[in-house]
Amino acid sequence: MKKSRIGILTGGGDCAGINPAIKWVVKTALDDRLQRERGIQYEILGIRDGWMGLINLEPASLEVHGHSIIPLNQEIVRTWDRYGGTMLGTSRTNPYNPKDDQSKAVLANIEKLGLESVIVIGGDDTLGVAYKLTQEGVNVIGIPKTIDKDLPETDYTLGFETALNVITEEVDRLRTTAGSHKRIFVVETMGREAGWLALEGGESSGAFIILIPEYDFSIKKVNKLILEGRRGGARYDIVVVAEGAKPVGGSKFTRDIEVDSFGHITFGGIGEFLAKEIRKSTKIESRCIVLSHLQRGGAPCAYDRRMGRYFGIAAVDLVARKDFGKMVSYKNGKITTVPLKDVIGRPNLVNIETQYDIERYNGRRTILST
Ligand code: F6P
């Protein structure tokens with residue numbers, strides 16, 4: 001039977017849902033019946049630490065790369081769908097970093113490892129590299145993952161629902177203590193430039209105020225809403241704020257000034273700032289909780305396990321069809337595929353017109369369009 005070697009790697013921020021996708025790539029590609037039907041026998045090499053694994057490899061034979069390459073089989077991945085993070089490891093390495101271009105090493109190592117195709121699980125940055133590699137003749141398939149849900153052309157990115165569950169659970173915990181002390185809790189979520197985590201996390205947890213990067217907020221109005229709520233009988237308040245949100249006329253809060261190899265700065269600090277501002281004006285005790293990497297951690301929820309499974313299976317379908325340069329996607333209730341070129345550099349952001357209530361600073365209260 002014809003043989004073909006697939007490489008698989010995970011890049012960018014880890015999240016829940018990646019391991020289920022890897023498991024189902026492996027199980028589907030190595031499935032005996034499918035191999036017979038397809039007349040092709042696949043072999044799968046797990047590449048460690050994202051693009052870094054393909055840069056640092058010094059191949060002579062597979063055995064030599066014990067550290068950067070893991071040959072995967074069904075037994076190895078059997079339990080992986082239960083675990084968060086990525087068993088392959090990840091990095092925010094950009095082989096096309098203009099200050100240190102390592103793309104030639106990646107291309108040479110793909111060739112040396114004899115990879116006929118590479119399945120790449122990532123967000124905008126990682127899939128951006130994948131797309132550039134397709135232009136250099138590499139057979140790539142993308143699987144979308146990011147808790148930020150900011151990739152276009154797909155209604156779902158792995159990790160998002162698990163992160164929402166974390167936000168919801170943590171807000172539930174905060175409610176009892178907030179209520180006991182009549183406090184305001186400002187909960188800062190991740191999401192970079194996209195407000196999905198804050199918006200849908202705030203909706204799921206029933207937050208009183210939700211602030212997102214797509215709409216600059218007025219601090220005065222936040223205070224007014226809180227005081228109105230208190231007059232209406234509220235004992236405590238939950239304000240969910242996205243790390244990328246900012247007040248009108250202000251600038252985004254960042255943790256440090258260094259940018260990563262994709263040019264991103266790390267956001268953070270808006271929650272603390274807001275809690276102080278609210279306390280100053282309303283005189284109500286306000287505390288800030290930064291959920292940070294808790295949102296990326298923990299076991300995948302049922303939805304991420306299922307979506308990881310479907311995306312993994314679809315990725316192997318594409319490899320079998322030799323339909324490369326595509327990303328698997330979930331659109332309008334169906335698993336489908338989109339060209340990688342349509343995904344890159346077009347962040348999917350919250351639509352203020354249809355998805356956000358700029359009066360209440362919250363999710364919309366009318367949903368059906370007339
Ligand atoms: O893109 C995922 C994400 O979790 C963002 O929401 C967040 O801004 C960023 O990664 C944090 O990155 P790091 O783990 O490198 O601090």
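Counting convention: from 1, in listed order, for ligands and their atoms alike.
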**Asked** Which ligand 1 atoms does His293 reach within 4.0 Å, using its non-hydrogen atoms?
**Response** 13 (P), 14 (O), 16 (O)

Output yes when [X] and [Y] qualify as a salt bridge under the 4.0 Å nitrogen-oxygen rule, no when they do not.
X: Glu243; Y: Lys252; value: no
X: Asp81; Y: Arg305; value: no
X: Glu116; Y: Arg5; value: no

**Pick from Met190, Lys149, Glu243, Lys145: the one approaching atom 8 (O) of ligand 1 most closely through a non-hydrogen atom** = Glu243

Could you pull out all donor-acceptor pairs under 3.5 Å where a side-chain atom in residues 181-190 meets a protein atom, sequence neighbours excluded?
| unit_1 | atom_1 | unit_2 | atom_2 | d |
| --- | --- | --- | --- | --- |
| Arg183 | NE | Glu285 | OE1 | 3.2 |
| Arg183 | NE | Glu285 | OE2 | 3.3 |
| Arg183 | NH2 | Glu285 | OE2 | 3.3 |
| Glu188 | OE1 | Gly269 | N | 3.3 |
| Glu188 | OE1 | Ile270 | N | 3.4 |
| Glu188 | OE1 | Gly271 | N | 2.8 |

Distance to 0.1 Å, residue and atom name: give those for the protein heavy atom nearest to [atom].
atom: atom 10 (O) of ligand 1; answer: Arg92 NH2, 2.9 Å
atom: atom 2 (C) of ligand 1; answer: Asp148 OD2, 3.4 Å
atom: atom 4 (O) of ligand 1; answer: Arg296 NH1, 2.7 Å

**Message:** Distance alone, cut at 3.5 Å: any donor-acceptor contact between the side chains of Arg364 and Tyr356?
**Reply:** no

**Prompt:** Side chain, backbone, both or neither: which part of Gln295 has a heavy atom under 4.0 Å from ligand 1?
**Reply:** neither

**Request:** Please check if the side chain of Trp196 supplies one atom and the backbone of Asn348 the other of a donor-acceptor pair under 3.5 Å.
**Result:** yes

**4.0 Å heavy-atom contact, Gly191 with ligand 1** = yes

